[in-house]
Amino acid sequence: MMINYEGSLSFPEDLVVNILLRLPVESLLCFKCVCKHWFPLIKSPSFIREQFHHNNNRARLLVCNSKVSDEGHGIK
C-alpha cells in the first residue's frame, strides 16, 4: 500500500485488478464511478475480456442437504 501525491491510499494496480475481477458485473457498473482510475480500467476491452473469462471459469459451489446413513453405505 502506498500514499499517492494527493495524500490518499493507493494500492498496486494488479491487486486492484485482481479484486475487481472477482466482482459481479452489476457491482462493477456501480464501482466504475468510485475512483477516476477505475472507470477506464473497468471499461477497457482487456479488462472486460478478462472478467468474462474469469467468471466463466470460476468454480461453482454445489450445496447438498443430505444425510449419510449410519452404515455409511448411502444417502437418505
A.B. asks: Quick check on side chain to side chain contact (heavy atoms under 4.5 Å, CB included): which of Leu20, Ile42, Leu41 does Lys32 satisfy it with?
C.D. replies: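 By the side chain to side chain contact (heavy atoms under 4.5 Å, CB included) criterion, Lys32 pairs with just one of Leu20, Ile42, Leu41: Ile42.
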A.B. asks: Judged by atom type as modelled, is there a donor-acceptor pair below 3.5 Å linking the side chain of Gln51 to the main-chain atoms of Leu23?
C.D. replies: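 Indeed, once roles are kept as given, a pair shorter than 3.5 Å links the two residues.
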A.B. asks: Tell me whether Leu15 shares a hydrophobic cluster with Leu28, the cluster being built from Ile, Leu, Val, Met, Phe, Trp, Tyr side chains joined at under 4.5 Å.
C.D. replies: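 Yes; Leu28 is reachable from Leu15 via cluster members.
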A.B. asks: Quick one: pull up CH2 in Trp38 and CD1 in Ile19 and give me the separation to the nearest 0.5 Å.
C.D. replies: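 Going from the CH2 atom of Trp38 to the CD1 atom of Ile19 covers 8.0 Å.
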A.B. asks: Take Leu21 and Phe47 through the test side chain to side chain contact (heavy atoms under 4.5 Å, CB included) and record every step on the way to the result.
C.D. replies: CA-CA 8 Å; Leu21 284 174; Phe47 179 85; 3.7 Å; yes
A.B. asks: Look at the side-chain heavy atoms of Ile, Leu, Val, Met, Phe, Trp and Tyr, link any pair under 4.5 Å apart, and say whether Val16 and Phe39 land in one connected group.
C.D. replies: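 No: no chain of side-chain contacts under 4.5 Å links Val16 to Phe39.
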